[in-house]
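Just so it is clear: chains get the letters A, B, ... in the order the sequence lines come, proteins before strands, and each one is counted from 1. Worth saying up front: this structure is predicted, and the values here are computed from it rather than measured. Below, each value reflects all heavy atoms present in this structure, side chains not excepted, and no hydrogens, waters or symmetry copies.
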There are 2 protein chains.
Amino acid sequence: MPDVTIAEVASHAGVSPSTVSYVLNGNPKISDHTRERVRASIKALNYRPHAGARALRSGRTDVVALAIPMYEWTNERVVMPFVYGVVEAARRHGWNVMLLTDAEHGAEIDQVVRSKMVDGVVLMEVREDDERVAALSGLEARAVTLGMPLQGSSMPYVDFDFEACGRASVDYLVELGHTQIGLLAAPSGVFNRKLGYAQRLWQGVSERLRELGLDFHGCPMEPTMDGVLDALDGLYKKVPGLTAVVVHNEGSLDTLLQALKQRDKDVPSDLSVLAVCQRDLALRVSPVLTCMDVPAVEMGRGAVELLHAREPTSYLVAPVLVPGASTGPPRSRGRVREALTTRRADKPVGPVRAT
Amino acid sequence: MPDVTIAEVASHAGVSPSTVSYVLNGNPKISDHTRERVRASIKALNYRPHAGARALRSGRTDVVALAIPMYEWTNERVVMPFVYGVVEAARRHGWNVMLLTDAEHGAEIDQVVRSKMVDGVVLMEVREDDERVAALSGLEARAVTLGMPLQGSSMPYVDFDFEACGRASVDYLVELGHTQIGLLAAPSGVFNRKLGYAQRLWQGVSERLRELGLDFHGCPMEPTMDGVLDALDGLYKKVPGLTAVVVHNEGSLDTLLQALKQRDKDVPSDLSVLAVCQRDLALRVSPVLTCMDVPAVEMGRGAVELLHAREPTSYLVAPVLVPGASTGPPRSRGRVREALTTRRADKPVGPVRAT
DNA sequence: GAACACCATCGAAGCCCTTCGACACCGACG
DNA sequence: CGTCGGTGTCGAAGGGCTTCGATGGTGTTC
């Protein structure tokens, strides 16, 4: 099967190559009659425009790059939904996705953008001092980050509102009657990597607790049984009357529940557990966790839409509470009223509920 | 920063564009002197050849497609290492990777190949009657499958030798003294999808057991606690004296260990567990599982090497046993001698050991 | 019926690169 | 000194497509 060119289609349809091109590109000046004939010829000859030639002439490739630095610690379960979202939305726009996985340095991105292989780039896991952001800023490709770059970079982003999420988590638990609330945070490595989101959640939780006149105790948690037990025991030591925790650590949900069993803590009657994670992950453990859903697929889609948008504007996705079986009122309700009073004095807050 | 073309590089270096091109493409006829000067100009002007133009002229794009159908049931933890392998090897050859995720139908592949966006394709998760294999067979791009297509397709493949793995698993357990061995297989959906590998392992295990004069009992297992308990209870009902299982179900390793705890079975003293899975997954649970390592990253690399090879030849990767803490001799050694005798009568077999 | 406007289609230029054959130069050989 | 072979560089063609400005044909208006 020899490769068929636009010229062959044109002569088959009895028109000029330019007319075929106009049909392909949706130029409205072509009459319906001609358009149909050309379409028929395209189908008959099974023609596909040559991507290289098209890119050469038009300067567009309809390919976007997705840059995911892959570290050993990257959690596939967490990352993949973002990828799904990106790929799906890209496809909807007729774009293909080029996968870049170079950790850290921007050489790969540079190559792909400057050789005009892609029209745009979606960056994942941007760090505070990300080389890739700098590398891209000089280039003319569109770029969007999935995750908020810390510095005042001008690059548009989509991210989850981790700070609001932290505050809403506190409010939810306080509303249930909890006053002794702890935070089991991301592994310390995540904090060190300056990805930002771990801090933002921490801040939201701690600030809101302080506003409500409650104590804050948080602890990074490594994703191993030992790490989880350490964090848990540490928290109980600091807050012996602990009745609720916020967990921001997708890799340890399972382990945490096992650890609690091992320590003879019933969920939720001894300890309410509120997870900050994708809904899916919360559903896959037992008991099903109440969670603040991080809508990864939607965010992936959002990033692509931003790439497509005429005037891209960054935005944060609001947390949505998905009720599960891991939260409830604390067993001893001694100080409930007091806490609630404090809260009511404040402006009314609380997450949107999932429908 | 305006885009710099080959002509500008040429005039900067005081040579003709063709000379620059020859330097770029490693033509040996260019003198060292000239080559160096051109290289210097390229660096000075920060030049990158236009991928589209190059593709148009040369017919090559240095891009390979990676086609992973993504179903809801796709296990990211299992798939991603293959992707790593592919991406890494591609990069080593200076290729980029285009990610295709259309489940089932080959339209996406067809588009990408026929429009000459990619030079080759790596297909993952091929099914017996895979539309994509058919779609590709007419096209001129190179293609390789990661996983053995069942029918006598001429497409080269890399796959794990699941049958040999099944046999080696049996041999390993028998050598430890087990005679009552069961198989906890992939979820039934995997069998129905005709992916082949689930059957091949099943066959290896059952055939080898029969050869050794032992009974075979296997059971597909769904990746939920209930599914695991069902499978486990079913197996114990059929084989009350069960002392060892082979597990071929990456999604349920954790759940299985919990289920065993729930049933008061100690691993390995009550039940030896031998997993068929990637080494990583076996290491992440407690106790660490003895496993037949499926070297996903290497296989991903292998697929790309095949794409690159002058004369690609399909091959199967031999299973490697990675000892863990989940296997040991059975508690009651009543029938051990008998079983060993049967075995010794046969040709000596056994997996390669990991170093 | 002539002048005009408008619409659908066409021709040709050019995007940037690779590659083939031509060519200029040099040293060697008879 | 004329010829030959080899080496290193160049010129030009052309790959398939898009897009601008030109063109011809139709319908409308005075």
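Applying the ring-ring contact (aromatic ring centres under 6.0 Å, His included) criterion to A:Phe162, with sequence neighbours excluded, gives A:Phe160, A:Tyr197, A:His248. Under the rule for a side-chain contact (heavy atoms from CB on, under 4.5 Å), the partners of B:Ala89 that lie at least two apart in sequence or sit in another chain are B:Arg92, B:Arg301, B:Val304, B:Glu305. In this structure B:His308 satisfies the ring-ring contact (aromatic ring centres under 6.0 Å, His included) test together with B:His93, B:Trp95, sequence neighbours excluded.
Ion pairing between B:Arg200 and B:Asp161 fails under the 4.0 Å rule for side-chain N and carboxylate O.
Atoms CD1 (A:Ile6) and P (D:dC17) sit 5 Å apart, rounded to a whole Å. To the nearest angstrom, C1' of D:dG16 lies 12 Å from NZ of B:Lys116. For the pair B:Asp3 CG and C:dC15 C1', the interatomic distance rounds to 12 Å; values are reported in whole Å. Distance CG (A:Asp62) to C1' (D:dT18): 14 Å, rounded to an integer number of Å. The nearest whole Å value for the distance from the CD1 atom in B:Ile42 to the C1' atom in C:dC17 is 13 Å. Atom CG in A:Leu24 sits roughly 8 Å away from atom P in D:dC17 (whole-Å rounding). At whole-Å resolution of the value, CZ in A:Arg37 and C1' in C:dT9 are 11 Å apart.
Within the structure, side-chain hydrogen bond (donor to acceptor under 3.5 Å, both in side chains) contacts touching residues 309-318 of chain B (residues at least two apart or in different chains) do not occur. Here salt bridge (Lys or Arg N to Asp or Glu O under 4.0 Å) pairs that include residues 18-27 of chain B, with residues two or more places apart or in two chains, number zero. Residue pairs meeting the salt bridge (Lys or Arg N to Asp or Glu O under 4.0 Å) criterion with at least one partner in residues 42-53 of chain A, sequence neighbours excluded, are A:Arg48-B:Asp110. Applying the salt bridge (Lys or Arg N to Asp or Glu O under 4.0 Å) test to pairs two or more places apart or on separate chains, those with a residue in residues 12-33 of chain B are B:Asp32-B:Arg35.
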Exercise for the section: Give the B/S/- string for nucleotides 5-15 of chain D, one per nucleotide from 5' to 3', where a protein heavy atom under 4.0 Å of the base yields B, of only the sugar-phosphate yields S, and otherwise -. Expected result: ---BSBB-BBB
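Direction change of the helix axis from one end of the helix from C:dG1-D:dC30 to C:dG30-D:dC1 to the other is 60°, with five pairs defining each end axis (rounded to 10°).
Proximity of B:Tyr47 to the phosphate of C:dC16: no side-chain N or O atom is located under 4.0 Å from OP1 or OP2.
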